[in-house]
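Following: one structure in structure tokens, then a few remarks.
Quick note on labels: first sequence line is chain A, next is B, and so on, each numbered from 1.
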Amino acid sequence: MSSRKKILGKLKSARQPFVDIPTREEYLPAFKTLPTDDLLTSFVQKATALACQVAVYDTPEAAIQHVLKLIGNQKQVAAWDFEHIPLAGLEEALVHAKIERVEPQQLGVEIGITGVDVALAASGSLVLKSGQGQGRQVSLLPYTHIAILEKSKIVRDLETWLRNERTDLDALREISKINIISGPSRTADIAMTLVMGAHGPAQLHITVI
Amino acid sequence: MQIESNNFIPISEISVKNEQMIDAVRKGTNSAHTNRTKAMYIDGFEYGEALRQQAAEAKRRAIRQLPELLERAEANMQANGIEVLWAVDRAEAQQLVRNIAREHAVKRVAKSKSMLSEELAINDMLQAENIEVVETDLGEFIIQLAAEPPSHIIAPVIHKSKEAVRDLFMDTLGMETTDDAQEMTFFARQHLREVFLSADMGISGGNFLIAETGTICLVTNEGNARMVTTLPKVHVALIGIEKVVENLADYATLTQLIARSAAGQPIAVYTHMINGPKRDDDVDGPEKVYVILVDNGRSNIYPTDYAEVLACIRCGACLNGCPVYRSTGGHAYGWVYSGPIGAVVTPLLNGLENARPLPHASTLCGTCKSVCPVDIDLPRMLLDLRRDLVEAGHTQFLWDVGIKGWAMTHRSPQLYALAGKAVRLGLRVTGDKLPGALSGWTQYREFPGFAPKSFHELWRERETGKDNE
């Protein structure tokens, strides 16, 4: 008998525990309240509290200037394909500044630029889906992660986002990996002292347009 | 990991005297316990308790339908491109991992934190195959260097001071002198970066497995699990059969509560959902993803009154509140899991005879149940295990005699009165400290004083007084 049959057989032949637990109709969201009525303002507050550095711009030009300032003297950056980064003119601006787009594993690359698929206001989180033109390593290996977020992509919370995805579960499952990022990487393993930048990026800049 | 739980008492007698270690454990657990309280009740006490109730129901509903949910999860994972394997026990799990490693000519493994992998002694097996295994969770990395087992479910080096870690890095890795935790972390980051980039296989655990979609879910703060599940060409996830949950809504509650309970964070820094290997047009990701569903004794617990313990999501909150754990540290418990949850699952997974002292390693204060995000009734199970110990004949002679004597005197009014008089007399001799074999009980306490007359005597006097009126 296969192990699978053995294990399932044992479980199925047992008397079912917890028969009285009801199915749930209404789920309480993990965050009962948001800091404000406005999703953008709430998102900015929450992300900032997580040690993200958040900046909001009305025009792509202003946002591009900000990103170039963040890049500073670096001559190489890792990035998603530009069609997946919602900042028109970014690619041209980088070329103009003689900043080269390279592979994230390249030695010395300190900056990774991505877009954001969905943002969660209640927890200040960014949802990044892996896929065509959206590599996982860009937001993982470099010391600094710059995430370009369109205002319209902000939803209330994790529960809301997952409820939206339920309308097409097949599409969700097609995505090999989804990362929900809430702040820069951190650890408190050494004597419970909080340190930023364990393995993932130590700095997370969110540029909202 | 070799089980040494029967040595709980002698080991804890040594550990309680290790001031530096206990100081570190106290500080760490205080901090974690306080942070948990703040995070769980950010929207008020009632709401936090309602969320706990929601999470408790979610896990119990999943346990009720465990075999069906496992089948559903398997079918969905397979449709997603994940290869699903089943392991009855440690030997089989090791065999499966060994086969995968051989098939892919693996020379170096990068591991993210998995308590299940400690249960299964995966590292030992890989090392015997001459495959290098590197733990990448910073705490696990440190204890790997120190060749020690973890002493806490969430914070494996809670028992080490900063100075101890500094010395370890300097001795084994040639780090330059520094007392700064930031610098030490950065040093480890650079060292492990090279490991991540060169590993052929990544091994992770699984915090949750969503049946509805066949999704493997992980939570970390460091980013090491992201590395381990993205960079190597093969990813193996070891997941206990009890980790399956029904749907996305249940998952949303549980993943946010585990972060609050374990680390006092509203949500983990990295919450990952893995559906499968690299898709054709993906930029990166592993080429092959395996999930090994592991039983290792869980199906034996399932049909018993202890099934509730399968709801555990491994947050460590019970450890942080436990007065016993905070006095002894984790190593005294002698196995992978320590604290209140360890005291229950260790005998259940390894046999009562291999963990006899553990059900007694509790003051029954109830903190563990009140902080558990899924409301597991650990005190009830600890009491039941004590009864099981007696029924299995694992008792001590003196204790048996004492309890039987107590029962005898409390069944008979005459014996009760006699015993009361005897104790009153005896206390005049011993004072408030008990003698001999009982002296341990009053080492840090005073025996309570007895009233000069017992209630029965006073009542009798009052009644005869009334009769005489």
Side-chain angles (χ1 to χ4, degrees), chain A residues 2-4 6-8 10-12 14-19 21-24 27-28 30-33 105 123 125 130-137 140 158-159 162 165-166 169 172-193 195 197-200, chain B residues 27-28 31 43 47 50-51 54 57 60-61 63-64 66-67 80 86-88 92 138-139 155 157 161-162 165 181-182 184-185 189 192 213 221-224 226-227 230 241 248-249 252-253 256 266-267 269-279 281-285 295 299 302-303 307:
Chain A
S2 70
S3 298
R4 179 186 184 278
K6 261 189 231 148
I7 296 170
L8 288 173
K10 244 166 128 184
L11 296 174
K12 285 181 181 172
R15 132 198 85 101
Q16 234 189 15
F18 306 121
V19 286
I21 308 283
T23 13
R24 185 164 267 275
Y27 277 82
L28 297 169
F31 289 90
K32 180 182 183 192
T33 58
Q105 284 199 24
S123 51
S125 309
S130 62
Q132 201 242 9
Q134 301 191 178
R136 307 176 188 192
Q137 294 174 66
L140 175 61
L158 182 64
E159 288 84 352
L162 287 174
E165 292 283 351
R166 293 204 74 213
L169 280 182
L172 181 70
R173 289 166 57 194
E174 195 38 45
I175 304 163
S176 61
K177 185 169 203 211
I178 302 165
N179 280 314
I180 304 163
I181 299 174
S182 309
S185 146
R186 72 194 62 196
T187 180
D189 271 335
I190 299 181
M192 303 309 265
T193 313
V195 171
H199 298 294
Chain B
K27 284 211 184 89
S31 163
D43 283 314
Y47 197 77
L51 286 176
Q54 188 164 285
E57 282 174 16
R60 282 163 182 73
R61 243 181 287 117
I63 293 169
R64 176 176 73 213
L66 196 60
N80 292 345
W86 299 69
V88 167
E92 188 171 8
L138 184 59
V157 273
S161 68
K162 196 171 45 149
V165 177
Q182 172 104 33
M184 287 192 252
T185 303
R189 175 195 171 103
L192 285 169
T213 52
N221 286 330
E222 295 179 17
N224 60 318
R226 286 184 70 188
M227 300 276 187
T230 286
I241 53 175
L248 293 170
T253 306
Q256 289 174 99
I267 191 172
V269 177
Y270 301 116
T271 303
H272 344 186
M273 299 171 72
I274 296 170
N275 286 323
K278 177 178 182 303
R279 305 305 186 202
D281 53 6
D282 274 2
V283 174
D284 47 22
D295 182 352
S299 61
Y302 187 74

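No other option in A/G133, A/P17, A/P184 has as many heavy-atom pairs under 4.5 Å with chain B as A/P17. No other option in B/M184, B/K278, B/K27, B/E57 has as many heavy-atom pairs under 4.5 Å with chain A as B/E57. The choice from A/Q16, A/Q132, A/R4, A/Q105 that makes the most heavy-atom pairs within less than 4.5 Å of chain B is A/R4. Heavy-atom pairs under 4.5 Å with chain B were tallied for A/S123, A/G183, A/G131; the largest tally goes to A/G131.
A/L162 and B/A252 make their closest contact through CD1-CB, 4.0 Å (heavy atoms, listed as atom of the first residue, atom of the second, distance). The shortest heavy-atom contact between A/G197 and B/T185 is O-CG2, 4.4 Å. Summarising the geometry of A/K10 relative to B/S299, their closest heavy-atom pair is NZ-OG, 3.1 Å, with the distance given to 0.1 Å. The two residues A/A30 and B/L51 have their closest heavy-atom pair at O-CD1, 3.7 Å. When all heavy atoms of A/R136 and B/G285 are compared, the closest pair comes out as CZ-CA, 3.8 Å. Scanning all heavy atoms of the two residues, the minimum distance from B/V283 to A/Q134 falls at CG2-N, 3.9 Å.
Remark: the backbone N or O of A/H199 is not paired with any side-chain donor or acceptor of B/N224 at under 3.5 angstrom. Checked by atom type and distance alone, the side chain of B/R189 pairs as donor or acceptor with a backbone atom of A/G200 at under 3.5 Å. A donor-acceptor pair under 3.5 Å is absent between the side-chain atoms of B/D284 and the main chain of A/G135, judged by distance alone. One N or O on the side chain of B/R64 and one on the backbone of A/I21 form a donor-acceptor pair closer than 3.5 Å. In this structure, B/D282 contributes its side chain and A/S176 its backbone to no donor-acceptor pair below 3.5 Å.
At a threshold of 4.5 Å between non-hydrogen side-chain atoms, the residues B/D43 and A/T33 count as touching. A heavy-atom distance below 4.5 Å is found between the side chains of A/I181 and B/Y270. Using a 4.5 Å cut-off on side-chain heavy atoms (C-beta onward), A/K6 and B/D295 make no contact. Under the 4.5 Å side-chain criterion, counting only non-hydrogen atoms from C-beta, B/V88 is in contact with A/I7. For the pair A/L169/B/L248, a side-chain contact is recorded, criterion being any heavy-atom separation below 4.5 Å from C-beta on.
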Tell me, with the steps shown, if B/R226 and A/K177 meet side chain to side chain contact (heavy atoms under 4.5 Å, CB included).
CA-CA 10 Å; B/R226 286 184 70 188; A/K177 185 169 203 211; 4.0 Å; yes
Take A/T193 and B/Q182 through the side chain to side chain contact (heavy atoms under 4.5 Å, CB included) test and state the conclusion after the steps.
CA-CA 8 Å; A/T193 313; B/Q182 172 104 33; over 6 Å; no
Between A/L11 and B/I241, does a side chain to side chain contact (heavy atoms under 4.5 Å, CB included) hold up when you go through it step by step?
CA-CA 10 Å; A/L11 296 174; B/I241 53 175; 4.3 Å; yes
Working for side chain to side chain contact (heavy atoms under 4.5 Å, CB included), residues B/T213 and A/E165:
CA-CA 11 Å; B/T213 52; A/E165 292 283 351; over 6 Å; no
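At a 4.5 Å heavy-atom cutoff, the contact between A/K12 and chain B is made by backbone and side-chain atoms alike. Contacts between B/Q54 and chain A at a heavy-atom distance below 4.5 Å involve backbone atoms as well as side-chain atoms. Contact of A/S2 with chain B is not made at all, since no heavy-atom distance falls under 4.5 Å. Both the backbone and the side chain of B/I274 come within contact range of chain A, with heavy atoms under 4.5 Å apart. For B/Y47, the part lying near chain A is the side chain, with the backbone staying farther off; criterion is any non-hydrogen pair under 4.5 Å. Of the two parts of A/L28, the backbone and the side chain both hold a non-hydrogen atom closer than 4.5 Å to a non-hydrogen atom of chain B.
Here CE of B/M227 is found 4.0 Å from CG of A/L140. Values are rounded to the nearest 0.5 Å. The NE2 atom of B/H272 sits 12.5 Å away from atom CD1 of A/I178, with the distance rounded to the nearest 0.5 Å. In this structure, B/Q256 CD and A/S182 OG are separated by 8.5 Å, a value rounded to the nearest 0.5 Å. Expressed to the nearest 0.5 Å, how far CZ of A/F31 lies from CD1 of B/I267 amounts to 6.5 Å.
In this structure, A/K32 places its NZ atom where only 12 or fewer heavy-atom neighbours from other residues, nucleotides or ligands lie under 6.0 Å away.
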